[in-house]
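Structure, as structure tokens:
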Amino acid sequence: MAEKILLSSPHMGGTELDYINDAFNKNWIAPLGENVNNFESSVKQYTGSKAALALSSGTAAIHLALIEAEVKEDDIVFCSSLTFSASANPILYQKATPVFIDSEEDTWNMCPKALKKAFEKYESLGKKVKAVVAVNLYGQSAKYDEIVEICQKHDAVLVEDAAESLGSEYLGKKSGTFGDLGIFSFNGNKIITTSGGGMLISNDEEKIKHALFLSTQAREKALHYQHEEMGYNYRLSNISAGIGIGQMEVLDDRVNRRREIFNIYKESLKDIEGVNFQPEIEYSKSNRWLTALTIDSIDTYDLINYLGQHNIEARPVWKPMHLQPVFKDYDYISLNEDVSKGLFERGVCLPSGSNLTNKEVYFVCDTIKEYFKAL
Ligand SMILES: *Cc1c(COP(=O)(O)O)cnc(C)c1O
């Protein structure tokens, strides 16, 4: 293959430029305008959430979610360990203390039993837990029927990091709507992109209104510049939002294509020993943002390097936060076994972009099979 087969690259639908041109024609080259409003409406309509706020990144959305959850200095925040660092960094922005929670094998996401154990531990220490950041890895929803109940019981605000799971479902509800606050990312590698952007959603319209205020420098209503709270410059531009509207029009196609690619991999690689694909639990539909699997029988780095030599970009599964030097001083709660560490050590993500051709996906499968044959 001449062209490098990428893990997940942007895939435009075709109408994005029309919305950008519209912004140019009206000279709305600003972080406000029709495209921003329409992009928010589109996400509200799609998810069924009452309020939505378009932001410059998913990370900014998590940061504002934690502020709206009133997370402050020295507060405890529970967070999935197996995730991208952007789930956890905003906890440090707030000078709060992250405590990492292990995954379960069923979903690869936050283990409800470990979460319960963590609440019990911190309550016995007399410490209040302000918020929980739960992640939906590679599109698969966490078990929110259990997680929501645990958070409510302990009076903690649930932030659903749905950066990777826009278009996924669980128990008949759209991903992102299980938390008190939910976030999406439109970074270049996500299922849809605005070249960079994010969204904060909630049914609590007051919280979203306040987050909007903070995201636009916390300017009080006055002719002069009056500030009573610390603000941020986190709003999405009207140009980027134009891309977002076009991308929302094709979101369901993107989900279907990523699921198709997953099925090709699953069918083609089923005879390789020790291969297990990330499960899709009952009553859930994953957008299969990335096809992720574990392989028991080999050194996964060796396979990833081999694919690289054949112009194929594959990656390990996220390295858990409790194994990251930047978070080494923080607590980690798991049951008997370190599940997220095992998933990291055995996990591989395969090229999954919705713009890959079947020929390219089969080439990846054949290259993997060649690797195993040569062992
Ligand atoms: C991509 C991602 C984010 C961050 O989103 P950005 O838009 O890149 O800031 C947060 N959490 C998870 C799980 C992600 O995959």
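Read the numbers this way: they start at 1 and go in the same order the structure lists the ligands and their atoms.
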Check if Ala60 has a non-hydrogen atom at a distance under 4.0 Å from any atom of ligand 1.
no
Check whether any heavy atom of Gly198 sits under 4.0 Å from an atom of ligand 1.
no
For residues 55-64, which side-chain donor-acceptor pairs fall under 3.5 Å, sequence neighbours excluded?
{"from": "Ser56", "atom 1": "OG", "to": "Tyr234", "atom 2": "O", "distance (Å)": "3.3"}
{"from": "Ser57", "atom 1": "OG", "to": "Thr59", "atom 2": "N", "distance (Å)": "3.3"}
{"from": "Ser57", "atom 1": "OG", "to": "Ala60", "atom 2": "N", "distance (Å)": "2.9"}
{"from": "His63", "atom 1": "ND1", "to": "Tyr234", "atom 2": "OH", "distance (Å)": "2.9"}
{"from": "His63", "atom 1": "NE2", "to": "Gln94", "atom 2": "OE1", "distance (Å)": "2.8"}

Of the listed options Glu164, Lys190, Met199, closest to atom 2 (C) of ligand 1 (non-hydrogen atoms):
Lys190
Hey, which atoms in ligand 1 end up nearer than 4.0 Å to a heavy atom of [X]?
| X | result |
| --- | --- |
| Ser87 | 11 (N), 13 (C) |
| Ala86 | 3 (C), 4 (C), 10 (C) |
| Ala163 | 2 (C), 3 (C), 10 (C), 11 (N), 12 (C), 14 (C) |

Residue portion contacting ligand 1 (non-hydrogen atoms closer than 4.0 Å) for Ser57:
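Both backbone and side chain.
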Heavy-atom pairs closer than 4.0 Å: do any link ligand 1 to the side chain of Thr59, the backbone, both, or neither?
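Under 4.0 Å from ligand 1, Thr59 contributes backbone and side-chain atoms.
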Shortest protein contact, atom 11 (N) of ligand 1 (heavy atom only):
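Going by distance alone, atom 11 (N) of ligand 1 is nearest to Asp161 OD2, 2.8 Å.
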[X] bridged to [Y] by N-O distance under 4.0 Å:
| X | Y | value |
| --- | --- | --- |
| Glu370 | Lys373 | no |
| Glu105 | Lys113 | no |
| Asp74 | Lys95 | no |

For a quick test of your reading: what N or O donor-acceptor pairs under 3.5 Å do the side chains of residues 125-134 make, sequence neighbours left out?
{"from": "Lys128", "atom 1": "NZ", "to": "Asp155", "atom 2": "O", "distance (Å)": "2.9"}
{"from": "Lys130", "atom 1": "NZ", "to": "Glu70", "atom 2": "O", "distance (Å)": "2.9"}
{"from": "Lys130", "atom 1": "NZ", "to": "Asp75", "atom 2": "OD2", "distance (Å)": "2.9"}

Checking Tyr19 against Phe39 for the side-chain contact (heavy atoms from CB on, under 4.5 Å) test, could you report, in this order, the C-alpha distance in whole Å, the side-chain angles of both residues, the deciding distance, and whether it holds?
CA-CA 11 Å; Tyr19 296 107; Phe39 184 34; over 6 Å; no
